[in-house]
Amino acid sequence: MGRVCQKAHFCLKGILGDDALGIEHVGSIAIPSIKAKPIIDIALGVKTLNSILPYNDTLNEMGFVFRGSYQREQLLYTVRDKINLDIAKSYVHVVVFNSKEWGDYLLFRDYLRSNEETARRYENLKIYLAEKYRNDRKSYTSSKHKFIEEILKN
C-alpha cells in the first residue's frame with residue numbers, strides 16, 4: 001500500500017474530482033451528543049456505482065480498500081490504520097447521489113442530531129450490540145439496521 005490519506009473526505013475529492021458529487025460524514029461520529037468508536041463513516045455520492053470503479057487502483061494506493069457490494073445499491077471501501085491493518089479507520093459507503101440510499105444516510109444523521117433522546121437510544125443499542133456481537137460484525141450491523149429502518153419509516 002502506498003501513501004495513506006489522513007483526511008478521507010479531502011482525499012476522495014482530490015482523487016475523484018467532479019465524480020464525487022457529494023461527500024458527507026454520517027454515522028455515530030457525526031452525532032455530537034453520543035459516544036462513538038473512532039471510525040468515520042462517509043457517504044460518497046456518485047453519478048453511478050460504476051463511475052467509481054475506474055479509480056480503484058488510485059484509491060487503493062491512497063489506502064482505500066475496495067470491499068465490493070455489501071448492501072443493495074451500495075459499494076464499500078475501508079481505510080485501515082497504517083500500523084495495525086486489522087483496525088478500520090473509515091468506511092466509505094458509495095451510493096448514487098440523491099438516491100434513496102443517499103437520502104437515508106442524511107435523513108438518519110440529521111434526525112439523530114436534532115432528537116437527542118432517540119440519539120441516546122441509538123447509542124445504548126450500539127453499546128449493547130457491540131458487547132453481544134463482539135466477534136460478529138454482520139449480526140451487529142443487521143441488528144442496528146432494524147433501529148435505523150424504524151426511524152426512516154417515520
Side-chain angles (χ1 to χ4, degrees), residues 3-47 49 52 59 62-67 69-154:
R3 299 173 292 156
V4 175
C5 188
Q6 297 301 311
K7 301 284 185 188
H9 56 288
F10 293 119
C11 191
L12 288 167
K13 188 63 178 171
I15 294 168
L16 302 173
D18 291 340
D19 286 329
L21 301 177
I23 302 172
E24 293 283 341
H25 284 252
V26 294
S28 297
I29 208 164
I31 316 302
S33 65
I34 66 174
K35 296 175 189 169
K37 294 180 280 187
I39 298 172
I40 297 172
D41 284 276
I42 296 171
L44 170 62
V46 294
K47 186 174 182 179
L49 293 181
I52 194 170
L59 287 165
M62 296 303 290
F64 296 90
V65 179
F66 180 60
R67 298 294 185 197
S69 179
Y70 71 106
Q71 287 184 22
R72 199 173 139 242
E73 304 300 327
Q74 296 192 33
L75 299 175
L76 178 67
Y77 290 79
T78 58
V79 177
R80 297 286 175 190
D81 184 83
K82 291 189 298 188
I83 297 168
N84 185 348
L85 296 177
D86 291 333
I87 298 175
K89 291 177 63 172
S90 299
Y91 292 108
V92 180
H93 310 271
V94 181
V95 296
V96 174
F97 185 69
N98 283 339
S99 65
K100 178 186 182 318
E101 292 76 21
W102 174 261
D104 285 352
Y105 276 117
L106 301 185
L107 181 64
F108 184 70
R109 179 201 62 194
D110 294 346
Y111 184 84
L112 291 185
R113 283 179 173 172
S114 63
N115 292 275
E116 191 168 334
E117 182 181 323
T118 304
R120 290 276 177 226
R121 285 185 20 238
Y122 184 59
E123 173 187 47
N124 291 334
L125 174 66
K126 287 180 50 146
I127 291 168
Y128 168 76
L129 294 174
E131 181 63 32
K132 181 176 181 178
Y133 299 116
R134 181 179 301 266
N135 297 313
D136 184 357
R137 179 155 178 76
K138 187 174 183 179
S139 294
Y140 167 81
T141 302
S142 174
S143 296
K144 192 173 63 165
H145 193 70
K146 292 173 189 172
F147 181 91
I148 295 168
E149 287 297 315
E150 279 301 311
I151 297 301
L152 293 174
K153 282 183 194 175
N154 295 330

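Quick note: residue numbers are just sequence positions, from 1.
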Kindly compute the distance separating [atom1] ([X]) from [atom2] ([Y]), expressed to the nearest 0.5 Å.
{"X": "Ile148", "Y": "Ser143", "atom1": "CD1", "atom2": "OG", "result": "11.0 Å"}
{"X": "Thr78", "Y": "His93", "atom1": "OG1", "atom2": "NE2", "result": "10.5 Å"}
{"X": "Lys100", "Y": "Leu107", "atom1": "NZ", "atom2": "CG", "result": "9.0 Å"}
{"X": "Asn124", "Y": "Arg121", "atom1": "CG", "atom2": "CZ", "result": "10.0 Å"}

Give the minimum heavy-atom separation between [X] and [Y], together with the two atoms involved.
{"X": "Glu73", "Y": "Leu49", "value": "C-CD1, 3.7 Å"}
{"X": "Leu125", "Y": "Lys144", "value": "CD2-CA, 4.5 Å"}
{"X": "Ser99", "Y": "Val96", "value": "OG-O, 2.6 Å"}
{"X": "Gly45", "Y": "Trp102", "value": "N-CZ3, 3.3 Å"}
{"X": "Ala119", "Y": "Ile34", "value": "O-CG2, 3.3 Å"}

When you compare the side chain of [Y] with that of [X], does any pair of heavy atoms fall below 4.5 Å?
{"X": "Val26", "Y": "Phe108", "value": "no"}
{"X": "Leu59", "Y": "Leu12", "value": "yes"}
{"X": "Ile52", "Y": "Leu44", "value": "yes"}
{"X": "Phe147", "Y": "Ile151", "value": "yes"}
{"X": "Tyr105", "Y": "Gln74", "value": "yes"}
{"X": "Ile42", "Y": "Ile23", "value": "yes"}

- Message: Apply side chain to side chain contact (heavy atoms under 4.5 Å, CB included) to residues Tyr140 and Asp136 and explain how you reach the verdict.
- Response: CA-CA 6 Å; Tyr140 167 81; Asp136 184 357; over 6 Å; no

- Item | Non-neighbouring partners of His25 that pass ring-ring contact (aromatic ring centres under 6.0 Å, His included), sequence neighbours left out | His9

- Task: Give the intermediate values and the outcome of side chain to side chain contact (heavy atoms under 4.5 Å, CB included) for residues Phe64 and Cys11.
- Result: CA-CA 10 Å; Phe64 296 90; Cys11 191; 3.7 Å; yes

- Under 3.5 Å, is there a donor-acceptor pair linking the side chains of Thr118 and Asn115? no

- Can Glu149 and Lys146 be said to form a salt bridge (Lys or Arg N to Asp or Glu O under 4.0 Å), step by step? CA-CA 5 Å; Glu149 287 297 315; Lys146 292 173 189 172; over 6 Å; no

- Task: Can you tell me which residue pairs pass the salt bridge (Lys or Arg N to Asp or Glu O under 4.0 Å) test with a partner in residues 108-117, sequence neighbours excluded?
- Result: Glu24-Arg109, Asp110-Arg113, Glu116-Arg120

- Task: Would you sort out whether Ile39 and Ile29 count as a side chain to side chain contact (heavy atoms under 4.5 Å, CB included), showing the intermediate values?
- Result: CA-CA 7 Å; Ile39 298 172; Ile29 208 164; over 6 Å; no

- Please find out if less than 6.0 Å separates the ring center of Tyr111 from that of Tyr122.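 When the ring centroids of Tyr111 and Tyr122 are compared, they turn out to be at least 6.0 Å apart.
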
- Task: Tell me, with the steps shown, if Lys47 and Leu21 meet side chain to side chain contact (heavy atoms under 4.5 Å, CB included).
- Result: CA-CA 7 Å; Lys47 186 174 182 179; Leu21 301 177; 4.2 Å; yes

- Item | SB check Lys126 Glu123 (cutoff 4.0 Å) |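 So Lys126 does not pair with Glu123 through a salt bridge.
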
